[in-house]
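So you know, we letter chains A, B, ... as the sequences are listed, proteins then strands, and number each from 1.
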Amino acid sequence: ILNVEQSPQSLHVQEGDSTNFTCSFPSSNFYALHWYRWETAKSPEALFVMTLNGDEKKKGRISATLNTKEGYSYLYIKGSQPEDSATYLCAFWNAGNNRKLIWGLGTSLAVNP
Amino acid sequence: DTGVSQNPRHKITKRGQNVTFRCDPISEHNRLYWYRQTLGQGPEFLTYFQNEAQLEKSRLLSDRFSAERPKGSFSTLEIQRTEQGDSAMYLCASATEDQPQHFGDGTRLSIL
């Protein structure tokens with residue numbers, strides 16, 4: 001059974017705090033991991049595509065790392081701003097002919113001004 | 001690139017009625033996905049197409065749900081004999097192969 005878990009489920013931080021959350025996925029049969037940001041009343045927006053063990057991606061104050069051997073990815077936000085408030089979703093692609101995309105349930109981040 | 005377009009944005013209907021939603025993907029994308037999102041949950045996969053072929057359909061999807069992508073461009077999702085539990089946001093996304101998906105704004109379905 002392919003399972004993707006995200007933790008924590010929700011997070012409240014103060015403006016200026018740095019934060020991070022985790023996406024755990026099956027360590028075998030890895031193909032790719034995608035991170036998305038989903039703001040309220042908008043549609044999900046792709047942040048990163050991660051394919052190689054040890055990958056580090058950065059977009060402004062947001063960065064992500066990938067460890068395919070142990071099956072996790074971290075998303076970091078440095079100096080959180082209220083506009084970072086959103087649900088952050090990861091989606092795992094398994095390798096092979098029967099490729100599936102499995103979504104996590106997301107981490108809901110609220111940044112208080 | 002006009003993005004992924006979904007119509008209608010909102011649909012309110014009585015229980016038992018049939019509804020159909022439309023999704024127009026980004027033109028060069030060969031993959032089209034349908035998801036359902038209920039309050040507080042991430043996207044729940046429903047089905048996806050590669051060109052006109054429907055490659056996968058969630059086992060959670062009852063026989064009341066059907067999707068088509070007849071010419072490999074736009075897609076329709078039909079729900080027959082709607083039930084209260086069908087109330088949700090229905091999202092469409094498109095992509096090139098396994099690349100990140102581009103989402104539409106969704107169709108919010110409310111069943112009275």
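Pairing each heavy atom of A:W38 with each of B:Q37, the nearest pair is CH2-CG, 3.2 Å. For the residue pair B:G104 and A:S43, the shortest heavy atom distance occurs at O-CB, 2.8 Å. Taking each heavy atom of B:Q101 and A:Y36 in turn, the nearest pair found is N-OH, 2.8 Å.
Within the 4.5 angstrom heavy-atom criterion, only side-chain atoms of A:L101, from C-beta onward, approach chain B.
Within 6.0 Å of CD on B:E68 lie no more than 12 heavy atoms contributed by other residues, nucleotides or ligands. Heavy-atom contacts from other residues, nucleotides or ligands closer than 6.0 Å to CZ of A:R61 number more than 12.
The hydrophobic cluster containing A:W35 also contains A:I102, counting ILVMFWY residues as joined when their side-chain heavy atoms lie under 4.5 angstrom apart, directly or transitively. Each of B:L77 and B:I12 belongs to its own hydrophobic cluster when Ile, Leu, Val, Met, Phe, Trp and Tyr are linked at side-chain heavy-atom distances under 4.5 angstrom.
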